[in-house]
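As structure tokens, the structure follows; a few thoughts come after it.
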Amino acid sequence: MTDLAFGGASIDGGLYTSVTGFAQQMPHFLNSLVSYWTDLGLGVFALLMLAGWWRARQRLGGSSRRRLARGEGRHTPTVSMAMALAVPVVVVLAYVVNDVVKSFFHEQRPCQTLHVITVEPCPGIGDWSFPSNHSVIAASAAVALLLLDRRLGAIAVPAALLMGASRVWVGAHYPHDVVVGLVVGTLVAAVLMPLARRAAPLVERVRETPLRPLVAAR
């Protein structure tokens with residue numbers, strides 16, 4: 001496969017060194033919080049996906065008189081469930097797409113190229129930087145959740161932006177790695193989530209099988 005290696009430092013290396021230098025001047029507790037977020041924050045999106053599935057399940061199996069929360073009633077119950085089940089699939093596919101992009105662009109990590117002091121240890125040689133996997137996962141999850149449920153999306157979108165920013169803060173990525181990662185994740189989710197609506201008839205069929213608890217509360 002063609003190696004399109006390039007030096008990211010020529011794009012926004014100056015901004016990267018400014019951010020990482022600023023991070024070194026911040027209190028240790030703040031850098032620890034950012035480090036915990038960048039390492040563990042993707043788990044928040046997993047919890048939001050679970051919440052989206054649970055809310056869709058309650059709606060599909062609940063009373064028609066139940067009062068809907070704001071942002072919850074944009075889809076029929078079966079469409080909501082189809083979309084809720086699709087969210088993790090969309091995230092995995094976004095990761096795969098990003099992995100393909102990474103295979104074409106062999107950009108070394110900025111901390112390997114610029115030799116700056118970073119909040120977190122620098123990833124090894126060959127752990128390519130462009131685009132950011134964390135940003136792709138966070139953006140695809142956030143957009144998918146936003147299309148499913150606005151209330152969950154209102155939490156997920158800022159969390160995705162914070163995840164992207166944290167990748168630069170800890171020194172793992174150039175800003176352009178993060179921006180492109182956010183764009184890739186957004187595009188994949190924006191294209192695939194509307195297609196998930198077509199799986200609503202399948203949800204109805206599952207509802208009449210022993211697998212009903214997967215899609216309906218009762």
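As the structure is a prediction and not an experimental result, all values here were calculated from the model. Along the sequence shown, the residues carry numbers beginning at 1.
Both Val188 and Leu195 are members of a single hydrophobic cluster when ILVMFWY side chains are connected at heavy-atom separations under 4.5 Å. Each of Phe104 and Val96 belongs to its own hydrophobic cluster when Ile, Leu, Val, Met, Phe, Trp and Tyr are linked at side-chain heavy-atom distances under 4.5 angstrom. Follow the hydrophobic side-chain contacts under 4.5 Å out from Val89 and you reach Val100 in the same cluster. By the rule that hydrophobic residues join a cluster once side-chain heavy atoms approach within less than 4.5 Å of another member, Val179 and Val97 end up as members of separate clusters. Residue Val184 is grouped with residue Leu93 when hydrophobic side chains (ILVMFWY) are merged at heavy-atom distances under 4.5 angstrom, including chains of intermediate members.
With sequence neighbours left out, the side chain to side chain contact (heavy atoms under 4.5 Å, CB included) criterion links Val170 to Val34, Thr38, Val119, Glu120, Arg167, Ala172. Pro77 pairs by the side chain to side chain contact (heavy atoms under 4.5 Å, CB included) definition with Arg59, Leu60, not counting sequence neighbours.
Enclosure of atom CD1 in Ile117 is not indicated, since only 12 or fewer non-hydrogen atoms of other residues, nucleotides or ligands lie within 6.0 angstrom.
Identified under the ring pair (Phe, Tyr, Trp, His ring centres under 6.0 Å) test for residues 14-49, with sequence neighbours left out: Tyr16-Tyr174, Phe22-Trp169.
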Applying side-chain contact (heavy atoms from CB on, under 4.5 Å) to His134 and Leu42, what does each step give before you reach the verdict? CA-CA 8 Å; His134 280 70; Leu42 292 181; 3.8 Å; yes
Begin from the C-alpha positions of Glu107 and Thr113 and carry the test side-chain contact (heavy atoms from CB on, under 4.5 Å) through to its verdict. CA-CA 10 Å; Glu107 177 192 78; Thr113 302; over 6 Å; no
Run Leu47 and Val44 through side-chain contact (heavy atoms from CB on, under 4.5 Å) and show every step you take. CA-CA 5 Å; Leu47 292 175; Val44 171; 5.5 Å; no
Is there a side-chain contact (heavy atoms from CB on, under 4.5 Å) between Leu146 and Leu152? Walk through the geometry before answering. CA-CA 6 Å; Leu146 180 64; Leu152 295 176; over 6 Å; no
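Between Ala160 and Ala138, the shortest heavy-atom contact is CB-O, 3.6 Å. Across all non-hydrogen atoms, the minimal contact from Arg151 to Arg55 is CD-NH2, 3.9 Å. Scanning all heavy atoms of the two residues, the minimum distance from Pro194 to Ala189 falls at CD-O, 4.0 Å. In this structure, Val178 and Gly164 approach most closely via the heavy-atom pair CG2-O, 3.3 Å. Here the closest heavy-atom approach between residue Leu145 and residue Ala156 is recorded as CD1-CB, 3.9 Å. Pairing each heavy atom of Gly52 with each of Ala84, the nearest pair is O-CB, 3.9 Å.
Counting only heavy atoms from C-beta outward, the side chains of Val79 and Thr76 approach each other to under 4.5 Å. Residues Pro131 and Asp177 fail the side-chain proximity criterion, which asks for heavy atoms closer than 4.5 Å.
Rounding to the nearest 0.5 angstrom, the gap separating the CE atom in Met81 from the CD atom in Gln58 is 9.0 Å. In this structure, CZ in Arg205 is found 11.5 Å from OG1 in Thr78, a value given to the nearest 0.5 Å. Thr20 contributes atom OG1, which lies 10.5 Å from atom CD of Gln25 (distance to the nearest 0.5 angstrom). The distance from the OG1 atom of Thr118 to the CZ atom of Arg109 is 11.0 Å, given to the nearest 0.5 Å. Interatomic distance, Leu85 CG to Met49 CE, rounded to the nearest 0.5 Å: 12.5 Å. Between Asn98 atom CG and Phe130 atom CZ the span is 8.5 Å, to the nearest 0.5 Å.
With hydrogens and angles ignored, the 3.5 Å screen pairs a side-chain donor or acceptor of His173 with a backbone N or O of Ser129. With Ser166 contributing its side chain and Met163 its backbone, the two residues share a donor-acceptor pair below 3.5 Å. Counting only distance, with no hydrogens or angles, the side chain of Asn31 and the backbone of Gln24 share no donor-acceptor pair below 3.5 Å.
If you run side-chain contact (heavy atoms from CB on, under 4.5 Å) between Ser140 and each of Val92, Val91, Leu187, only Val91 comes through.
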